[in-house]
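Each residue takes its place number in the sequence, starting with 1. Note that the structure is predicted; figures quoted are calculated from it, not measured.
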Amino acid sequence: MRFTVESSEPTSYRSVFISDIHMGTRGSRVALTTDFLRTITCERLYLVGDIIDGWRLRRAWYWDEAHDEFLRLILRLARNGTEVIYIPGNHDEMLRNWLSMELKIASIRLVPKAEHIAADGRKYLVIHGDEFDSIVRCYPLLAVLGDHAYTAALFLNRWINVARRKLGLPYRSFSAWAKKRVKSAVKAIDRFEMALAREAKQIGADGVICGHIHTAEIRDIGGVTYMNTGDWVESCTALVEKWDGQFELVDWTARMHEAWKTTLSEINKPAGALGDDLKPVLAQMMQQGMSSDTTMEAKQTA
């Protein structure tokens, strides 16, 4: 069961940046990505790499209705006037073979990187970032082995969160928690961030926007604004630009948890506030929703 954050009007942003959905993997939370995009409007939507996981699809095919739903939404946004820019990453590197053709597929522009000029005039390099990952660049076999280890961590992550839901606890990424506590992983992230900040500075950009390492962040590095969109496997985050040129990260799982708490508080209102007839019906719907969601997770991991 998904709890969509409802609002009377969609939130309007100048630009939205998302990356690392890894469609084609069981760990992809592409349905939540679709939920998020349905609550916003924007002039530009940047798909900053690893939207589709070609590595995994070559090994085993996994594609469900949620994947098709996301693609239909992206195509609809492009048709209706949103400028959609797709920057391939290392997991969807098969699309890089077409970059020299400067293709525009169904109004979606395919580019290796982009320059984004914010509303306040500041310039940002937009790039997936795998080119600055020393493991991916110099030791591709290690990158593949690391991908297998990451898949195992996500498998464990799903079952931990099945248990957390039964206890009424919000989603928490075990793999992200572990990554932040392994010293070598922290050092690798820091090297990655520093390398991208240097690249932005060398080309005269005010900042850099990237993905790849599944670690959402906005921080200053030597006068350069480093921004990472995060991912839609663990953190479910997006980077958004407001109309005044200011940027912020949207934590979609946190917003979903707030929607969950609001629904529970409505159910638990005193008799008369909600209505004696409606209260048990909503409670039953919630219970059925949690049960069906748990069953779906179990099937997906089978």
Consider only side-chain N and O atoms of [X] and [Y], and report whether a donor and an acceptor are under 3.5 Å apart.
X      : Y     : answer
His212 : Asn90 : yes
Asp35  : Thr33 : no
Asp68  : Trp63 : yes
Thr82  : Arg76 : no

* Would Arg26 and Asp53 pass as an ion pair if we require N to O under 4.0 Å? -> no
* To do: Could you label the plane-to-plane angle of the Phe247 and His116 rings as parallel, tilted or perpendicular, counting under 30° as parallel and over 60° as perpendicular?
  => perpendicular
Would you say the ring centers of [X] and [Y] fall short of 6.0 Å from each other?
X     : Y      : answer
His91 : His128 : no
Tyr46 : Tyr86  : no
Tyr13 : Trp243 : no

For [X] and [Y], work out which heavy atoms get closest and say how close.
X      : Y      : answer
Thr237 : Ala216 : OG1-CB, 3.5 Å
Lys201 : Gly222 : NZ-O, 3.4 Å
Pro112 : Ile87  : O-CG2, 3.1 Å
Val224 : Val208 : CG1-N, 4.5 Å

* May I have all residue pairs that pass side chain to side chain donor-acceptor pair (under 3.5 Å) and include part of residues 105-114, sequence neighbours excluded? => Glu83-Arg109
* Identify, with sequence neighbours excluded, every residue that meets salt bridge (charged side-chain N to carboxylate O under 4.0 Å, His left out) alongside Glu193. => Arg219
